[in-house]
Amino acid sequence: MANEKQATPKKQSSMLDKKVRKAKKRGKKLLILLAILVVIFIITMLLTPSEQEYYAPFSTTTGSIVGLELPASRPGDVIIEHTGYTLCYNEEHEQPDWVAYELTRAEVYGAEDRADDFRPDPTVKTGSATLDDYKGSGYDRGHLIPAADLKWSAEAMSDSFYLSNMSPQDPQFNRGIWGTLEGVVRNFAASEGNVYVVTGPVLTDGPYSTIGKNNVSVPKQYYKVVLDYTEPEIKAIGFLLPNEGSKKSVQSFACSVDTVEEATRLDFFPLLPDDIEAKLESSYDVRLWDFNEFRASAAERSNIEEAAAPVPANNSTIRRLQRLSTQYLVKFKKELTGIVNIFIPKSVTEAIGI
């Protein structure tokens with residue numbers, strides 16, 4: 001009994017030593033983690049440009065910003081890239097929530113012939129709509145990014161005919177007011193130098209009638225939003241159109257980007273500085289845009305000086321990732337600066353360059 005009583009304090013001491021050693025190890029790990037976070041903080045604050053520094057070069061030139069056209073991502077989004085455009089596929093409705101792309105003056109002068117090779121999209125893992133879904137439905141396979149916007153490349157032209165880029169459109173709508181709006185947007189690009197476009201069906205006002213074995217939803221309305229992010233007049237405009245023929249002017253369907261966001265529940269152009277985004281998206285002025293449809297003769301197309309050759313897919317992906325990572329770092333720095341300024345006066349952080 002005596003030996004057992006003497007052993008108990010030793011065991012307790014040994015257990016205490018183990019707890020102390022474990023606590024010291026955890027403390028070291030926490031210090032290392034804290035040191036890493038401090039280093040990341042310093043690098044982010046000192047080496048990442050501010051929003052003003054990052055976006056300033058693009059506000060006065062025609063330089064493009066990779067990824068600026070992309071809406072804000074949401075959990076579960078299925079994002080697919082094709083030559084010349086990116087889309088977010090909605091499996092429930094068997095069509096995109098949105099199709100986004102940058103359109104330049106050089107691209108609208110492309111001379112590639114129309115392909116007309118409609119086909120399912122093999123990159124949609126759950127399977128896209130099929131030709132049989134549309135056959136005999138009474139609806140057109142309505143392009144979201146128009147084939148005419150991708151005449152700068154045979155590959156881009158062909159990619160425009162994936163059924164993931166289609167939506168069931170009333171023939172009078174597709175071949176009428178929708179086609180007119182597409183020609184107007186091409187003219188925006190030709191007159192402004194380059195524009196950022198997001199387009200698609202409104203899929204928030206169901207229930208919908210459907211077509212085909214895959215139950216492709218027939219939208220009640222469609223939208224486009226267009227951003228001109230070059231001087232002298234940075235501007236944005238939206239359009240909401242019912243899926244039916246119309247004799248009205250394109251201007252009569254114009255609205256603010258905010259209005260389209262409310263209808264679609266999407267967040268457009270999230271990479272813009274917040275103050276600029278709020279200003280551009282809350283209002284619009286049709287007087288700032290040339291609403292003529294784009295027209296170009298064969299001679300004009302052949303004489304265009306700037307080539308619009310497609311960027312190889314690997315390089316395009318790498319460039320997009322590089323640009324997007326920098327853009328998110330810029331946003332991250334802005335949030336960190338806001339937190340720091342709660343404790344340190346803004347004048348002090350600006351003086352030391354963070």
pair [X]-[Y]: side-chain heavy atoms closer than 4.5 Å:
{"X": "His93", "Y": "Pro201", "value": "no"}
{"X": "Leu266", "Y": "Arg74", "value": "yes"}
{"X": "Ser246", "Y": "Leu241", "value": "no"}
{"X": "Pro219", "Y": "Pro168", "value": "yes"}
{"X": "Thr199", "Y": "Phe239", "value": "no"}
{"X": "Glu293", "Y": "Thr180", "value": "yes"}
{"X": "Leu30", "Y": "Leu34", "value": "no"}
{"X": "Thr83", "Y": "Trp152", "value": "yes"}

**Asked** Stepwise, does the side-chain contact (heavy atoms from CB on, under 4.5 Å) test hold for Gln169 with His143?
**Response** CA-CA 9 Å; Gln169 295 184 339; His143 278 72; over 6 Å; no

**Asked** Can the ring centres of Tyr89 and Tyr162 be said to be less than 6.0 Å apart?
**Response**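 No, they do not, as the ring centres are separated by 6.0 Å or more.
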
**Item:** Distance flag, aromatic centroids of Tyr229 and Phe269, threshold under 6.0 Å
**Value:** no

Identify the two heavy atoms, one from [X] and one from [Y], that lie closest to each other, and give their separation to 0.1 Å.
{"X": "Ile177", "Y": "Glu244", "result": "CG2-O, 4.2 Å"}
{"X": "Phe294", "Y": "Ala296", "result": "CZ-CB, 3.6 Å"}
{"X": "Val260", "Y": "Leu240", "result": "CG2-CG, 4.2 Å"}
{"X": "Pro96", "Y": "Asn165", "result": "CG-CA, 4.4 Å"}
{"X": "Pro270", "Y": "Ala72", "result": "CG-N, 3.5 Å"}
{"X": "Leu227", "Y": "Lys235", "result": "CD1-O, 3.5 Å"}

When you measure from the side chain of [X] to the backbone of [Y], do you find a donor-acceptor pair of N or O atoms at a distance under 3.5 Å?
{"X": "Lys151", "Y": "Ala111", "value": "no"}
{"X": "Thr86", "Y": "Ala100", "value": "no"}
{"X": "Gln95", "Y": "Ser217", "value": "yes"}

**Message:** According to ring pair (Phe, Tyr, Trp, His ring centres under 6.0 Å), who are the partners of Trp98, at least two apart in sequence or on a separate chain?
**Reply:** none

**Request:** Please identify each residue that fulfils ring pair (Phe, Tyr, Trp, His ring centres under 6.0 Å) with Phe188, with sequence neighbours left out.
**Result:**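 Ring pair (Phe, Tyr, Trp, His ring centres under 6.0 Å) list for Phe188, sorted by chain: Trp289, Phe291.
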
To the nearest 0.5 Å, what is the distance between [atom1] ([X]) and [atom2] ([Y])?
{"X": "Leu103", "Y": "Ile145", "atom1": "CG", "atom2": "CD1", "value": "7.5 Å"}
{"X": "Ile276", "Y": "Ile234", "atom1": "CD1", "atom2": "CD1", "value": "6.0 Å"}
{"X": "Asp77", "Y": "Asp97", "atom1": "CG", "atom2": "CG", "value": "7.0 Å"}
{"X": "Thr104", "Y": "Tyr196", "atom1": "OG1", "atom2": "OH", "value": "10.5 Å"}
{"X": "Trp178", "Y": "Lys224", "atom1": "CH2", "atom2": "NZ", "value": "4.0 Å"}
{"X": "Asp275", "Y": "Leu280", "atom1": "CG", "atom2": "CG", "value": "9.5 Å"}

Any luck finding a side-chain donor-acceptor pair between [X] and [Y] under 3.5 Å?
{"X": "Ser158", "Y": "Arg119", "result": "yes"}
{"X": "Ser167", "Y": "Tyr222", "result": "yes"}
{"X": "Asp290", "Y": "Asn187", "result": "yes"}
{"X": "Asp149", "Y": "Tyr101", "result": "yes"}

**Request:** May I have the step-by-step check of side-chain contact (heavy atoms from CB on, under 4.5 Å) for Leu150 and Asp159, ending in yes or no?
**Result:** CA-CA 9 Å; Leu150 295 169; Asp159 281 8; 5.7 Å; no

**Message:** Clusters formed by hydrophobic residues whose side-chain heavy atoms approach within less than 4.5 Å: which one holds Ile211, and what are its other members?
**Reply:** Phe118, Leu131, Tyr134, Tyr139, Met157, Phe161, Leu163, Met166, Val216, Val218

**Asked** Apart from Tyr208 itself, which Ile, Leu, Val, Met, Phe, Trp or Tyr residues share its cluster (side-chain heavy atoms under 4.5 Å, direct or through members)?
**Response**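 ILVMFWY cluster around Tyr208 also holds Leu203.
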
**Request:** Determine, step by step, whether Leu144 and Tyr85 satisfy the side-chain contact (heavy atoms from CB on, under 4.5 Å) criterion, reporting the C-alpha distance in whole Å, the side-chain angles of both residues, the deciding distance to 0.1 Å, and the verdict.
**Result:** CA-CA 10 Å; Leu144 294 175; Tyr85 67 98; over 6 Å; no

Side chains of residues 121-129: which donor-acceptor partners sit under 3.5 Å, not counting sequence neighbours?
| residue | atom | partner | partner atom | Å |
| --- | --- | --- | --- | --- |
| Asp121 | OD1 | Thr123 | N | 2.9 |
| Asp121 | OD1 | Thr123 | OG1 | 2.6 |
| Asp121 | OD2 | His82 | NE2 | 2.7 |
| Asp121 | OD2 | Thr123 | OG1 | 3.3 |
| Asp121 | OD2 | Ser164 | OG | 2.6 |
| Thr126 | OG1 | Glu91 | OE1 | 2.4 |
| Ser128 | OG | Asp121 | N | 2.9 |

**Request:** Might you work through the side-chain contact (heavy atoms from CB on, under 4.5 Å) test for Glu69 and Val197, ending with a clear yes or no?
**Result:** CA-CA 6 Å; Glu69 73 277 13; Val197 185; over 6 Å; no

**Prompt:** Any salt bridge (charged side-chain N to carboxylate O under 4.0 Å, His left out) pairs touching residues 131-146, not counting sequence neighbours?
**Reply:** Asp140-Arg175

**Derivation and outcome, side-chain hydrogen bond (donor to acceptor under 3.5 Å, both in side chains), residues Asn243 and Asp170** = CA-CA 6 Å; Asn243 188 9; Asp170 180 286; over 6 Å; no

